[in-house]
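Take a look at the structure set out below.
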Amino acid sequence: MSFDNLNDKQQEAVRQLDGPLLILAGAGSGKTSTMTHRIAHMIEEGIPAWNILAVTFTNKAAAEMRERVESLIGDTQDMWILTFHAMCLRMLHIYADRIGYDSNFVIYDTSDQKTLVKNIEKEQGISDREFKPQYILSVISRCKEKEMGPEEYRRSALEGPREKAVYAVYKEYESRLRENNAMDFDDLLLNCLRLLESETDVLEKYQNRFRFIMVDEYQDTNHIQYRLISLLAAKHHNLCVVGDDDQCIYQWRGADISNILDFEKDFPDAKVIKLEQNYRSVGNILAAAHSVIRHNTSRKQKELWTTREDGEKINYYRADNDREEADYVARQIGYMNRSGRSLNDFAILYRTNAQSRLFEEALSRHGIPYQVLSGMRYYDRKEIKDIMAYMRLIVNPADDLSLTRVINEPKRGVGPKSLDKLAAFARVRGQSIFEALIDPDGEMLDTLPGRSYDKVKEMVTVMKECREQRSDMSVSDIYDALLVRTGYLKSLEDEKSVEAESRIENLMEFKTVIAEYEKSAEDPTVEEFMAQLTLAAEVDNMDDSQTQVTMMTMHSAKGLEFPVVFIPGLEDGLFPGSRAFDDDDQMEEERRLCYVGMTRAKELLFLTSAEVRTRYGRTDYTRESQFLREVDKKLLTGSAVYQRRGQRSSLGVSSGSRDGFAKEPAYKPFDALKYAKQQTRKAAAGGDTDLNQGDRVKHGKFGEGLVISVTDSIVTVAFDTAGIKKLAKGIAPLKKL
DNA sequence: ACCAATCTGCTTTTT
DNA sequence: GCAGATTGGT
């Protein structure tokens, strides 16, 4: 294989396969290309694919790496290319019993954790106002990152009321996770570490297998991840880590920057290769980013360089207010789009997700299509979480948290009081609530009052059936069955409200997600589907197939690049956030974030701020960001293509000529919901949508049948052999005969 | 047990 | 400015 398209340093990194290697890869220095070629080179050298492990930060990065390696050498089936969490999940799934878990364990996401902590606080008479669940969880997470259990915490912590409360909750939290056969995000890593530490045969197996290990974004690994990798690499020492200390932006989540700074100490024979040539950005952008990052004191000295032209200067615009700021951005995008730039070229990268709304509104006003990649909002919807809880229970009946969530959703007349009774009853029997409910002896069901009995029994029967037949059913089948037969969909339909409509909408859209999973997975199972969903990052959902502007946080944008980048909200208190002003470390992290944001841009970079901004209902005057002040003045200009007159920035940047809204051509406003619907319909091309009562239809699984009734979203069909089924219109594989 | 009306506290950032 | 929680009435 020839590496002609790589520079000397990159080639050196590619050829250096044996022993520890640290690649300090600056932003845009061809990191991914180097890593993929390095893997390809291993294969070329005769190293079997199954000896290779590559760990990334997001699923998107993993998928991209796999794709690119595949394009170089073909099949990558036997290679592990995945995220830390996915790697741990994979190992734990096989060896769960070794650490006292059932392999059907579920993963609790942040909101599950919060609910659990709240429940515990209630039970223990601890006020969730005084000790906020979020706070307690952050302490617990920090403990877990240090491998510190509840008892050790008590011994090491102070003895105030706060510490007492944290201890009490932590202890109960841990035992409840065990009882529910559930793990949180930290547990995935921690339990995997425990597994490898205590089970020498398992450790040896993986040590022998993974003779060559690569870790991407090493600057963002935490202590547990560091330990995991050290253990796995302990035998062969063929560990290559890639990272950039200037891009460490997850310290708040426990990322330990010393992992990368001390790599040479950990591995004294380590080779270090610096990639400093930037291929991504135009000279001015690089210079501007550097003028900001050099204000950080604790960093490895390096400066990126490029052979590219200087390009345009960095554009800075100070708007009157936040709404006008958003409008300015939309105007610029509209203008550049009309002069020939694709909408895919643009990204709006902000500090906080809350900022996205104004930009959504502005882009809609201007008729510009966009996608927002914001913190899990889609899966956070109530209806999705509800149906997921149903699915979880089928796999893992020990999950009391999920049962509590859905037993009265839809209303089955089971309020908190009945639920308490059920929980107590189950406890006496030594079972989880759901286990006790599905127990053939029916004892617990019989304790229910008449009004709720029938409904709960019906639900229990359905769930039991799904559970028993789940190996013969596809994930979609299970989803359909649950949606319809638990009465969940029916109760939404009966509501006849706009909100209920949109919930149904979302539930139907979710079918596309399932269908996509089923298409991509080798052996689709409900378990795996749910795990993948909880471990998905928002960037993983990025869609490049549409022509649209992309918005996300600067955190999410790490590893991505766009020709034109807008960074709005450059104001003290917002970016950098207010907390950064009394903590130097936090200020440095914010600055690194700014660096990451700026270096996403290839050709044009726009910075904006608003003189007046409304936040949590309050409108305040702002001050231009410290980071703006740090940008080399020579690199800034205020004469954007579309500019307002008379704007004066304290930075002394000049302004151009005014242009208003009036000339905007009347684009049709972009309707996100309508768009989503279209997408769903398109993706579900398998099913006929123009069905009417009385039609004869054929279903892939149920055979032929007669349509009994049709609503906007549901088709009820009496199948000749399979009985009456309610199916999702346009999605279920129904063919008109 | 359920629903509607009022109230609170919140914004970093995410696997 | 909103979503989620709390409260009070049925």
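These numbers were taken from a predicted model, which means no experiment stands behind them. A note on names: the letters A, B, ... follow the listed sequences, proteins ahead of strands, and every chain is numbered from 1. Note: hydrogens, waters and symmetry copies are ignored here, and every other heavy atom, side chains too, is used.
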Check against side-chain hydrogen bond (donor to acceptor under 3.5 Å, both in side chains), Ser364(A) and Glu361(A): CA-CA 5 Å; Ser364(A) 297; Glu361(A) 286 167 14; over 6 Å; no
What verdict does the salt bridge (Lys or Arg N to Asp or Glu O under 4.0 Å) test give for Arg412(A) and Glu458(A), after you've listed the backbone C-alpha separation in whole Å, the side-chain angles of each residue and the deciding distance to 0.1 Å? CA-CA 10 Å; Arg412(A) 300 192 177 92; Glu458(A) 170 64 15; over 6 Å; no
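With centroids closer than 5.5 Å and planes inclined by less than 30 degrees as the test, Trp252(A) and the base of dT13(B) pass as a stacked pair.
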Got a list of protein N/O to nucleotides 4-8 of chain C N/O distances below 3.5 Å?
| residue | atom | partner | partner atom | Å |
| --- | --- | --- | --- | --- |
| dA5(C) | OP1 | Lys118(A) | NZ | 3.2 |

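Rounded to an integer number of Å, the gap from CZ of Arg618(A) to P of dC2(C) is 16 Å. When rounded to the nearest whole Å, the span between CD1 of Ile107(A) and C1' of dT15(B) equals 10 Å. Rounded to whole angstrom, the span from the CZ atom of Arg615(A) across to the P atom of dC10(B) amounts to 14 Å. Across the protein-nucleic acid pair, His555(A) atom NE2 and dT13(B) atom C1' stand 4 Å apart, rounded to whole Å. Nucleotide dG9(B) holds its P atom 15 Å from the OH atom of Tyr616(A), rounded to whole Å. Distance CG (Asp583(A)) to C1' (dT13(B)): 15 Å, rounded to an integer number of Å. Look at CD on Gln134(A): it is 8 Å from P on dC10(B), rounded to the nearest Å. What separates CE of Met530(A) from P of dT15(B) is a distance of 19 Å, to the nearest Å.
Among the heavy atoms of the strands, none lies under 4.0 Å from Thr614(A). Note on Phe575(A): nothing from the nucleic acid sits closer than 4.0 angstrom, heavy atoms only. If you check every strand for non-hydrogen atoms under 4.0 Å, Ser556(A) touches sugar and phosphate atoms only. Using a 4.0 Å heavy-atom criterion, one finds that Asp109(A) contacts no nucleic acid atom at all. Lys132(A) comes within contact range of the sugar-phosphate backbone alone, with a heavy-atom separation under 4.0 Å but no base atom that close.
The separation of dG4(C) from dT13(B), taken at their P atoms, amounts to 15 Å, rounded to a whole angstrom.
Proximity of Gln586(A) to the phosphate of dT13(B): no side-chain N or O atom is located under 4.0 Å from OP1 or OP2. Checking the phosphate oxygens (OP1, OP2) of dT15(B), no side-chain nitrogen or oxygen of Thr534(A) falls inside 4.0 Å. Contact annotation: Asn353(A) reaches the phosphate of dT14(B) (side-chain N/O to OP1 or OP2, under 4.0 Å).
Both tests pass for Arg253(A) against the ring of Tyr250(A): distance under 6.0 Å to the centre and angle within 45° of the axis.
When distances are taken from the side chain of Lys411(A) to each of dC2(B), dT13(B), dT15(B), the shortest belongs to dC2(B). Side-chain atoms of Arg253(A) lie closest to dT15(B) of the nucleotides dC2(B), dT13(B), dT15(B). Checking dT15(B), dT13(B), dG1(C) against every side-chain atom of Arg357(A), the shortest atom distance belongs to dG1(C).
Contact check on Glu217(A) versus Lys558(A) returns a salt bridge, with a Lys/Arg side-chain nitrogen under 4.0 Å from an Asp/Glu carboxylate oxygen. With respect to Arg629(A) and Asp572(A), a salt bridge is recorded, a charged nitrogen being found less than 4.0 Å from a carboxylate O. Taking 4.0 Å as the cut-off between side-chain N and carboxylate O, Arg613(A) and Asp620(A) do not count as a salt-bridged pair.
Comparing Glu589(A) and Lys417(A), the nucleotide of DNA chain B nearest to each residue sits closer to the 5' end for Lys417(A). Ranked by how close their nearest DNA chain B nucleotide is to the 5' end, Gly617(A) and Thr83(A) are led by Gly617(A).
Using modelled atom types, no side-chain atom of Thr614(A) and backbone atom of Gly617(A) make a donor-acceptor pair closer than 3.5 Å.
For Arg176(A), the CZ atom sits in a packed shell: over 12 heavy atoms of surrounding residues, nucleotides or ligands are nearer than 6.0 Å.
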